[in-house]
Amino acid sequence: MDNDENKALKTSYLLKRFIPYFKKYRWILVLDLFCASLTTVCELVLPLIVRYLTDMGMNDLESLTVRMVISIGVFYIALRLVDVAANYFMAYVGHMMGAKIETDMRKDIFAHLQDLSYSYYDNTKVGQIMARITSDLFDITEFAHHCPEEYFVAALKIGAAFGILAQADIVLTLIIFSLIPIMLVFAMSFNGKMRGAFKKSRNQIGELNSQVEDSLLGVRVVKSFANENVEEEKFRRGNEGFLKIKREAYRYMAGFHSTVRFFDGIMYIALVTVGAIFMVYGRIGAPDLVAFLLYVTMLLNSVRRIVEFTEQFQRGMTGIERFIEIMDAPVEVDDTKDAVPIGDVKGEIKFDKVSFRYSDNNRNVLSNIDLTVRAGENVALVGPSGSGKTTLCNLIPRFYDVSAGRVLVDGKDIKTVTIRSLRSRIGMVQQDVYLFSGSVFENIAYGKPEASMDEVVQAAKDAGAHDFITELPEGYDTYVGERGVKLSGGQKQRISIARVFLKNPPILILDEATSALDNESELVVRKSLERLAAGRTTFTIAHRLTTIKNASIILVLTGNGIEEQGTHEELLAKEGVYFHLYRMYSE
């Protein structure tokens, strides 16, 4: 994702992708623009009133009665009441439309993130994703509301002002209006540079988020090594990098606004000097010059708002671009068009000439694996780190797709069944237990969200977790802390086992589930795992070889694939790779 940070997408393409989000709210948008036109009419009327009263005062003062003036004042107050009501609608309902569009986009991006494969998260920082799903989309609320409104109002004001002023004096009108495109050309020369700077700023804040998240999640490691100064220095470099990018962005923005202010002055002095000369020669009268000044002031305010909105526009475009980059990230593992739910699963698993390599690597992690596991068998995987044990197991629930060959469950190629139905039949207990920020009950019930309290308690009893849970301050309602920080390693592991008991899957994957535990905790957890594995097809990845003696079959994986396979006794008798691994472990 970060590799593309300098490749800006075309504004027309970004708008084309963004506009469909207005579809649900098109009538709100129509009403918002209608209200914008009402406020514009109210602004356009005031210069006409001033011009009329000035003309009457100079040329026909006797006809200018108090009653007429009061009538005009009442009429204008009525217009202002309309303006207030229209402006309230624009400020409240219009902004809510933008907020709803932001909400829809956040829902879409989160749903897409749920669909993205492991490989995407292997190469993308969570802090970058967080920046795109939160702060990037905040600017879209303002953009979605103000973008159509501001440009619509500006077009109305410029068109109406041109028509009214042209009737007074077409030459003076053309002189004034000819300066607007020149001003826009100069101002917009900063536009692309601002866009690039804003995008770099967003990428850097994502990097900063990643760094902060990394440091805070690893705060216990930081403190144990007394490396607070190291983290502060890393943060300082990232923070100053962000400041450098902001400095660049603000330099372009300053040039942008300075250009607009310069042309403001040029337009005013052109109007005053040329208008005064025209008045000397009798081309226009004083009321017309006053009207010109009022309309040019209104015109410049509109142009200034458009110019000021350009900064917001660029922020919105940057947010949309970064949103699209995630939405366009391909879902590498997805249901095929004719995929069907897998139905009841007995648990037979077959690897048919399976090879696998990661997308960013040309070397196979697994090559030509042939393996059949009968339903209910307990298969143990051993071998040196990097031999592909975890990768082999990750192919069963389709966390990755095979590069060649097939994986079959009960004789069905897993690519022909829906991913949700497949994964709902598989339970996993991993070494690095992840508990969500919430209660013990919520974390166990994650295995079956609709589960009752009785079902959760029974699962906890099966996992050997009930006793310690009832001793916690609030029992099953106890808050476990972020990532389960308030619990010990053994307690977290037993909660994760209870979660799988509640899920009750026919296929089980145990990925070094006890390797990080002390001996006492390991004994308790191992008994829980034995109860969990009973009657299920189980794949156990283990470094502690004494824990897999009773496996139905042991597979020894090396860089050459499945080097050996057999029972514990058979492999010891061969005196091969397993024999040497076991002897080394025993020693």
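Hydrogens, waters and symmetry mates play no part in the numbers below; they use all other heavy atoms, side chains included.
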A459 and A498 have their tightest heavy-atom pair at CB-O, 3.5 Å
Step through the shown structure and confirm whether more than 12 heavy atoms of other residues, nucleotides or ligands are within 6.0 Å of CG on N229.
yes
Euclidean distance, I326 CD1 relative to L116 CG, rounded to 0.5 Å:
8.0 Å
Taking every non-hydrogen atom, the tightest pair across T538 and A533
OG1-CB, 3.6 Å
Any chance CZ of R531 has more than 12 other-residue heavy atoms, nucleotides or ligands included, within less than 6.0 Å?
yes
Pair T418-S421, side-chain donor/acceptor within less than 3.5 Å
yes
So, the side chain of E563 versus the backbone of V577: is there a donor-acceptor pair under 3.5 Å, distance only?
no
Has the side chain of T537 got a donor or acceptor atom that lies under 3.5 Å from a matching backbone atom of I507?
no
Looking only at heavy atoms, what is the nearest atom pair of R425 and P506, with distance?
O-CD, 3.0 Å
Value rounded to 0.5 Å, distance of CG in L422 from CD1 in I414:
5.5 Å
Would a distance-only check, ignoring hydrogens and angles, find a side-chain to backbone donor-acceptor pair under 3.5 Å from S355 to A404?
no
Evaluate the ring planes of Y400 and Y358, with Trp represented by its six-membered ring, and classify them as parallel (under 30°), tilted (30 to 60°) or perpendicular (over 60°).
perpendicular
Can any side-chain N or O of R423 pair as donor or acceptor with the backbone N or O of P397 at less than 3.5 Å?
yes
CG on L392 to CG on L371, rounded to 0.5 Å
7.0 Å
D370 versus K353, closest heavy-atom pair with distance
OD1-N, 2.9 Å
Side chains of Y479 and S437: donor-acceptor distance under 3.5 Å anywhere?
yes
State whether the number of non-hydrogen atoms from other residues, nucleotides or ligands found under 6.0 Å of K246 atom NZ is greater than 12.
yes
Can you give me the closest heavy-atom contact between D335 and V417, atom names plus distance?
OD1-O, 4.0 Å
I'd like to know if R374 pairs up with E377 as an ion pair, taking the criterion as any Lys NZ or Arg NE/NH1/NH2 lying under 4.0 Å from an Asp or Glu carboxylate oxygen.
yes
Hey, mind stepping through R237 and E233 against salt bridge (Lys or Arg N to Asp or Glu O under 4.0 Å) and telling me if it holds?
CA-CA 6 Å; R237 289 197 301 268; E233 175 60 22; 3.5 Å; yes
Give a yes or no answer on whether the side chain of K100 reaches the backbone of Y25 with a donor-acceptor pair at less than 3.5 Å.
no
Interatomic spacing from CD in Q491 to CZ in F468 - rounded to 0.5 Å:
4.5 Å
I'd like to know if the side chain of N504 and the backbone of V500 have a donor-acceptor N/O pair within less than 3.5 Å.
no
Main chain of S496, side chain of Y446: is a donor-acceptor contact present, judged purely on distance under 3.5 Å?
no
For the atom pair CG (N443) and CG (L502), what is the distance rounded to the nearest 0.5 Å?
12.0 Å
Is the closest basic N to carboxylate O distance between R17 and D328 below 4.0 Å?
yes
Minimal heavy-atom distance between A329 and H112, with the atoms involved, is O-NE2, 2.9 Å
Is the number of heavy atoms from other residues, nucleotides or ligands under 6.0 Å of F242 CZ greater than 12?
yes
Atom NZ of K389 and atom CG of L555: how far apart are they, to the nearest 0.5 Å?
11.5 Å
Per the salt bridge (Lys or Arg N to Asp or Glu O under 4.0 Å) rule, what does the pair list look like for residues 398-411, sequence neighbours excluded?
D352-R406, R398-D401
Answer yes or no: is there a donor N or O on one side and an acceptor on the other, between the side chain of Q493 and the main chain of Q430, under 3.5 Å?
yes
More than 12 heavy atoms from other groups under 6.0 Å of NZ on K574
yes
Can you establish whether the number of heavy atoms outside K350 located under 6.0 Å from its atom NZ is more than 12?
no
Checking K234 now: which residues fulfil salt bridge (Lys or Arg N to Asp or Glu O under 4.0 Å) with it, not counting sequence neighbours?
E231
Is a donor from one side chain sitting under 3.5 angstrom from an acceptor on the other, for D454 and S452?
no
Is it true that E240 and K244 have a side-chain N and a carboxylate O under 4.0 angstrom from each other?
no
For the backbone of V457 and the side chain of H466, can you confirm whether one donor and one acceptor N or O come within less than 3.5 Å of each other?
no
If we check side-chain contact (heavy atoms from CB on, under 4.5 Å) with C393, which of these qualifies: V379, D511, L381, L510?
L381
Heavy atoms, side chains only, cut-off 4.5 Å: are Q458 and E455 in contact?
no
Mark yes or no for whether S367, through its side chain, and N364, through its backbone, hold a donor-acceptor pair below 3.5 Å.
no
Are F143 and F18 close enough that their ring centres sit under 6.0 Å apart?
yes
More than 12 heavy atoms of other residues, nucleotides or ligands under 6.0 Å from OH of Y434: is that the case?
yes
